[in-house]
Novice: 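What follows is a single structure, and I will ask about it in a moment.
Whatever order the structure lists them in is the order used to number ligands and atoms, beginning at 1.
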Amino acid sequence: MTPENTKGQYLPSDEYRKTAMVKSVDEYTRLYSESMKDPVAYWVKQAEHIDWFSKGWKEPFTWNKKKDEFTWFKGGKLNVSYNCLDRHVKNGLKNTAAIIFQGEDDKDVRVYTYGQLLHEVERFSNVLKKNGVKKGDRVAVYLPMIPELAITLLACTRVGAIHSVVFAGFSSDAIFNRVADCTPKVLVTSDGSYRAGKKIDMKGKVNEILERDTSVEHVLVVKHTGADVVMEKDRDVWWHEEMEKVPLKCEPEVMDAEDPLFMLYTSGTTGKPKGMVHVNGGYLVGVNSSFRYIFNYNPGQVYWCTADIGWITGHSSILYGPLSVGATTLMFEGVPNYPENDRFWQVAEKWKVDIFYTAPTALRMIRKNGDDWIKKHDLSSLKMLASVGEPIDADVWKWYHRVIGGGRCPIADTWWQTETGSIIIAPLTGAFDLKPGSAMKPLPGIKTGVFREDKTECGVGESGNLFLMEPFPSLARTIWNDHAKYVEQYWATFPGHYLTGDGARIDADGDHWLLGRVDDVISVAGHRIGAAEIEAALIAHPAVAEAAVVPVPDEIKGEAIYTFVTLKDGFTESEDLKKQLINQVRNVVGPIATPKTIQISQGLPKTRSGKIMRRLLRKIAGGSSQSELGDTTTLLDPSVIESLIKGRL
Ligand code: WTA
């Protein structure tokens, strides 16, 4: 994919270009401008890639701007598992691998063809029904990255249940809050998971949560690690035993395009995570279309996305996107550095992976361990690479291109969110001359805009707030149980336009440069964590009077968590107390939210109206001197700044 052009851009090779869906900039420009002239007609065309039981929509798109409610393909009938399985089985992919599962133990391998996967999904759909699950019911899923997770989600979609996956790295309170909010009838979990050679308990955590009052009637438990677990009579049943007791066939439920498909919680600016609701029709059209455009998947290839299904990337890019097009998707249970630092490359070589999709945080860690780990392996099967979760800086991009991609593979830096459901901004790698560090252009059908605080449009190269100008099919419809919050968070800032919460600038070529979050959301290793959620956990500790949490740059994780804490009278600073506070966050929110630093301070900088000035705390945590902080005279007590700088860790 070399040579670079005179502007430092990377060009796809002719060989790669031939295999791509969009092969030239002209083709993209034509497609994009046509889609902008009539976005609805464009999306209706994309919907033709889905098998509908009936295309009974009167209008493909409706939009009630007063209520911030919109619909796509309402009245159209479909089933997502049918689109991901049955239709491929009918169309000749019955014996093609759908999922290649690679466990943490190299010997733990399971390959499911489309035919086998359908068989398992039908059986588990009947297990769900046997345990009382009906269309519209919620099913909570707390499982490791094992095939049963994919089977569970697909079975939910088959019977019309709404799945709600809780990331396996969360712990008790975080899980409880999510379960309490979505009120599932059934929870699917396992005896445990493996992580870097250790067995991690999962069922014990579930038992703890269910000691509190919840809506859960049955727990279905997968035997995975073989750990001893406590099963509660009448409530808990084993997956493998239930699977023996049900009929083998299960017809897919006929779902309306606007029926909820799943919800997935994401952190926002308040302490309460938001259950973003995605719907059957629009979501499937969006993930199917973006997968085809971005990855240039060709039959017979192996596609590997290293994300966890606990996040949207896993939902859309491991499961629904690839399966909706009949691709072979690799599902990996392990981590990049166990048993050794070359685990990813060993897996990529073993399965002859063609397309590889990961996060910048993983790349930074791998790069730090040295290129020798990569050079040990034959990665010549790789054809294209992609990245998601945070900005990938040009330096890491070039390294990814040279060392992993052998100078041959184009890279798609893909920008999107839990809310958008599918990829929104990314280069079409067979068409564009790639710019390291830029996610480049929106996909056809999507209109972006960068605006100043006063809602005037930013000029070329000027940073501002990124908006998506109109609803598109895969955009989340609401927040579960809280449409008012949805309106306030996403639509109220600039009525009629969706606020992403990210900063961006658009250069003279129309290419987008993403600049990270502009709100109080911290991105630790690409995982979104609300500052408020961590603060709430800290304040619940008896010693804590106040807490403020800000991000600091981190070499590997992109951002790390820096916390300022003031203590209640009668408590004094000690190493033991700091440890307690760290454990408090780990126990309440989860290990992913572990603070890097806890600074105990006498006070926090506040405005006269009592609002904590996070802007200043970010700068202090990041190492700024007093003179770099700007005007601090509006503070209630300006002297607090000096002591905060002195106490900086
Ligand atoms: C960030 C993950 C820069 C961004 C799919 C966004 C990115 C948040 C990129 C969503 C990228 C994701 N470049 N930033 N290519 N991709 N982000 O909901 O801040 O877990 O708002 O969805 O991640 O994170 P989420």
Novice: Before signing off on this row, confirm whether Asp413 and ligand 1 have an N or O atom pair separated by under 3.5 Å.
Specialist: yes
Novice: Tell me which protein heavy atom sits closest to atom 18 (O) of ligand 1, plus the residue, atom name and distance to 0.1 Å.
Specialist: Thr418 OG1, 2.5 Å
Novice: When you measure from the heavy atoms of Ala439 to every atom of ligand 1, does any distance fall below 4.0 Å?
Specialist: no
Novice: Quick test: of every protein heavy atom, which one is nearest to atom 24 (O) of ligand 1, and how far off is it to 0.1 Å?
Specialist: Arg528 CD, 3.1 Å
Novice: With nothing but distance in play, are any N or O atoms of Glu419 less than 3.5 Å from an N or O of ligand 1?
Specialist: no
Novice: May I ask you to list the atoms of ligand 1 that are less than 4.0 angstrom from any heavy atom of Asp502?
Specialist: 4 (C), 6 (C), 19 (O), 21 (O)
Novice: Looking at atom 3 (C) of ligand 1, what's its closest protein heavy atom, distance included?
Specialist: Pro391 N, 3.0 Å
Novice: Report the part of Thr414 in contact with ligand 1, treating N, CA, C, O as backbone and CB onward as side chain, heavy atoms under 4.0 Å; options are side chain, backbone, both, neither.
Specialist: backbone
Novice: Would you please classify the geometry between the Tyr357 ring and the Tyr303 ring as parallel, tilted or perpendicular, with 30° and 60° separating the classes?
Specialist: tilted
Novice: What class does the angle between the rings of Phe564 and Tyr562 fall in, given that below 30° is parallel, 30 to 60° is tilted and above 60° is perpendicular?
Specialist: tilted
Novice: For ligand 1, which atoms, with element, lie under 4.0 Å from some heavy atom of Ile312?
Specialist: 2 (C), 5 (C), 22 (O)
Novice: Are Phe356 and Trp345 an aromatic pair, judged by ring center distance below 6.0 Å?
Specialist: yes
Novice: Is the backbone N or O of Leu382 less than 3.5 Å from a side-chain atom of Arg408, with the two atoms forming a donor-acceptor pair by type?
Specialist: yes
Novice: Would Gly389 count as a contact of ligand 1 if the rule is a heavy atom under 4.0 Å away?
Specialist: yes
Novice: Describe, in one word, how the ring planes of Phe344 and Phe332 are oriented to each other, choosing from parallel (under 30°), tilted (30 to 60°) and perpendicular (over 60°).
Specialist: perpendicular
Novice: Decide whether an N or O pair under 3.5 Å exists between Trp311 and ligand 1.
Specialist: no
Novice: Any nitrogen or oxygen of Thr500, side chain or backbone, less than 3.5 Å from one on ligand 1?
Specialist: no
Novice: Does Arg528 come within less than 4.0 Å of Glu419, counting only side-chain N to carboxylate O?
Specialist: yes
Novice: With no hydrogens and no angle check, is any side-chain donor or acceptor of Lys557 less than 3.5 Å from a backbone partner on Glu555?
Specialist: no
Novice: Going by the angle between their ring planes, with limits at 30° and 60°, are His497 and Phe451 parallel, tilted or perpendicular?
Specialist: parallel
Novice: N/O to N/O below 3.5 Å, does that happen between Glu390 and ligand 1?
Specialist: yes
Novice: Aromatic rings Tyr498 and Tyr490: how do their planes relate, parallel, tilted or perpendicular, breaks at 30° and 60°?
Specialist: parallel
